[in-house]
Visitor: 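Below is the structure I would like to discuss, written out as structure tokens.
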2 protein chains.
Amino acid sequence: MKRSLADRIEQYIKVLIERSEAKQIEIQRAELAETFSCVPSQVTYVIATRFQEKYGYLTESRRGGKGFVRITRFSISSDICTILDGDRLFDLINELMEKKMLDSKEGNMLKHIVLSVGNDLTDNERKHLYNSVARALSEYLNLN
Amino acid sequence: MKRSLADRIEQYIKVLIERSEAKQIEIQRAELAETFSCVPSQVTYVIATRFQEKYGYLTESRRGGKGFVRITRFSISSDICTILDGDRLFDLINELMEKKMLDSKEGNMLKHIVLSVGNDLTDNERKHLYNSVARALSEYLNLN
DNA sequence: CTCCTGTTTGACTTTATTTGACTATCTGTA
DNA sequence: TACAGATAGTCAAATAAAGTCAAACAGGAG
């Protein structure tokens, strides 16, 4: 898969987080931009789009001298139980497959079943189903 | 038998999928259109008509820079589904595991998710859910 | 020939990414 | 305290895909 600059920066940050002890990193926006030879606001863009709370990340920052951006990953499932639309269940499954917590056979089977079962439901029912599946899946994988 | 453009594009995509390791490909719509010297929406048409879920394919996509269309084949072919008794879903899963059509990891995950999702449903809803899952599963595994 | 169905095309829409000019907020020092 | 310098944030324009939709077209069945 051809990756965009944003994808690569996202990946880079995720690796740093996973390697860190406390699942938390502090970066300097300008420095990271330098690493990827891009404008600093590109980094802001990546953080704003990929490290949102709904994906299980918390971000804090400080401007000025000795400024930083801190990104913390918290348990994915803690907020899964709230409002989950279809797209995000699939994002979750994809992410779990990337992280090898689900292999592709399991992931694809799940996608198929969920799609198929959701097919003859109303929008609300489907949303509820997706929520339940996400919750059950995170339970099963012990993400809590 | 003269084949239409749509037929040729379909064939081309299917060959790519079958050749791929994970029975999954990512293409760029515009690039494929270029290959066949046609408008990009022709590719959309092919995907929309030939790679539907009912034919055993799952499609996902992303717009914008470095966008793509991902197509995954999850079963060889599936059509009519038998009506399975929902109450016997668990028997079915066990049987499939014994026959090695599902490995134990998949089977157990499925049981866990189905149980969990079914938990806050009424008896009738749960029965319906079990039926749908059984149908989706047999579709997926191409049992019919 | 006429109708119907499926195909082909292209104008328009939506979404995602990249870039840069401008703004806001810290820290440290005179 | 005021100012300078160092950071990060905001926002909108430019660009790069993919999706939608309806009109035009093609080729069989009757």
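Within every chain, numbering begins at 1; the chains are lettered A, B, ... in the order of the sequence lines, protein sequences first and strands thereafter.
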Visitor: Using only heavy-atom distances, determine whether the side chains of A:Asn94 and A:Lys111 contain a donor-acceptor pair under 3.5 Å.
Guide: yes
Visitor: So A:Leu137 and B:Ser116, do their side chains get closer than 4.5 Å, heavy atoms only?
Guide: no
Visitor: Counting side-chain heavy atoms from C-beta on, which of C:dT7, C:dG28, D:dA18 comes nearest to A:Lys66?
Guide: C:dG28
Visitor: Could you work out which one of C:dT19, D:dA18, C:dT8 sits closest to the side chain of B:Gln42?
Guide: C:dT8
Visitor: Taking the side chain as every heavy atom from C-beta outward, state whether A:Met109 and B:Leu102 have any pair of such atoms under 4.5 Å apart.
Guide: yes
Visitor: Set out, line by line, the N/O atom pairs under 3.5 Å between protein and nucleotides 20-23 of chain D.
Guide:
none

Visitor: Just to be sure I understand the rule, does A:Arg50 reach a base, reach only the sugar-phosphate, or reach nothing, if contact means heavy atoms closer than 4.0 Å?
Guide: sugar-phosphate
Visitor: Starting from the 5' end of DNA chain C, give me the residue, A:Ser61 or A:Cys38, whose nearest nucleotide shows up first.
Guide: A:Cys38
Visitor: Just wondering, do A:Tyr45 and A:Arg50 contact through their side chains at under 4.5 Å, heavy atoms?
Guide: yes
Visitor: State, with a plain yes or no, whether a side-chain heavy atom of B:Tyr57 is found less than 4.5 Å away from one of B:Lys14.
Guide: yes
Visitor: Consider the side chain of B:Val39, meaning its heavy atoms from C-beta on, and name the nucleotide among C:dT8, C:dT17, C:dG10 that approaches it most closely.
Guide: C:dG10
Visitor: Taking the minimum atom-to-atom distance to the side chain of A:Ser4, which one of C:dT18, D:dG9, C:dC26 wins?
Guide: C:dT18
Visitor: Describe the nucleic acid contact of A:Gly65 in one word from base, sugar-phosphate, nothing, applying a heavy-atom distance below 4.0 Å.
Guide: base
Visitor: Mind calculating the distance between CD (B:Glu10) and C1' (C:dG6) to the nearest angstrom?
Guide: 13 Å
Visitor: Looking at B:Arg73 and B:Glu18, is there a salt bridge between them, counting it only when a charged N and a carboxylate O are closer than 4.0 Å?
Guide: yes
Visitor: Given atom CD of B:Glu60 and atom P of D:dG19, what is their separation to the nearest angstrom?
Guide: 12 Å
Visitor: If you find the nucleotide of DNA chain C closest to B:Ala6 and the one closest to B:Gly64, which residue's nucleotide is nearer the 5' end?
Guide: B:Ala6
Visitor: Under 4.0 angstrom, heavy atoms only, what part of the nucleic acid is A:Phe68 near: base, sugar-phosphate, or nothing?
Guide: sugar-phosphate
Visitor: What integer distance in Å separates B:Arg8:CZ from C:dT8:P?
Guide: 8 Å
Visitor: Taking atom P of D:dG9 as reference, at what distance in whole Å does atom CZ of A:Phe51 sit?
Guide: 14 Å
Visitor: Within this structure, what is the CD-to-P distance between A:Gln28 and C:dC26, rounded to whole angstrom?
Guide: 16 Å
Visitor: Is there side-chain contact between B:Phe51 and B:Leu58, with at least one heavy-atom pair below 4.5 Å?
Guide: no
Visitor: Tell me the interatomic distance from B:Arg3, atom CZ, to C:dG6, atom C1', rounded to whole angstroms.
Guide: 16 Å
Visitor: What is the distance, rounded to the nearest whole Å, between atom OH of A:Tyr45 and atom C1' of D:dA13?
Guide: 15 Å
Visitor: Heavy atoms, side chains only, cut-off 4.5 Å: are B:Val43 and B:Pro40 in contact?
Guide: no
Visitor: Among C:dG6, C:dT17, C:dC26, find the nucleotide with the atom closest to the side chain of A:Arg62.
Guide: C:dC26
Visitor: Using whole Å, what does the distance between atom C1' of nucleotide D:dG19 and atom CD1 of B:Ile71 come to?
Guide: 15 Å
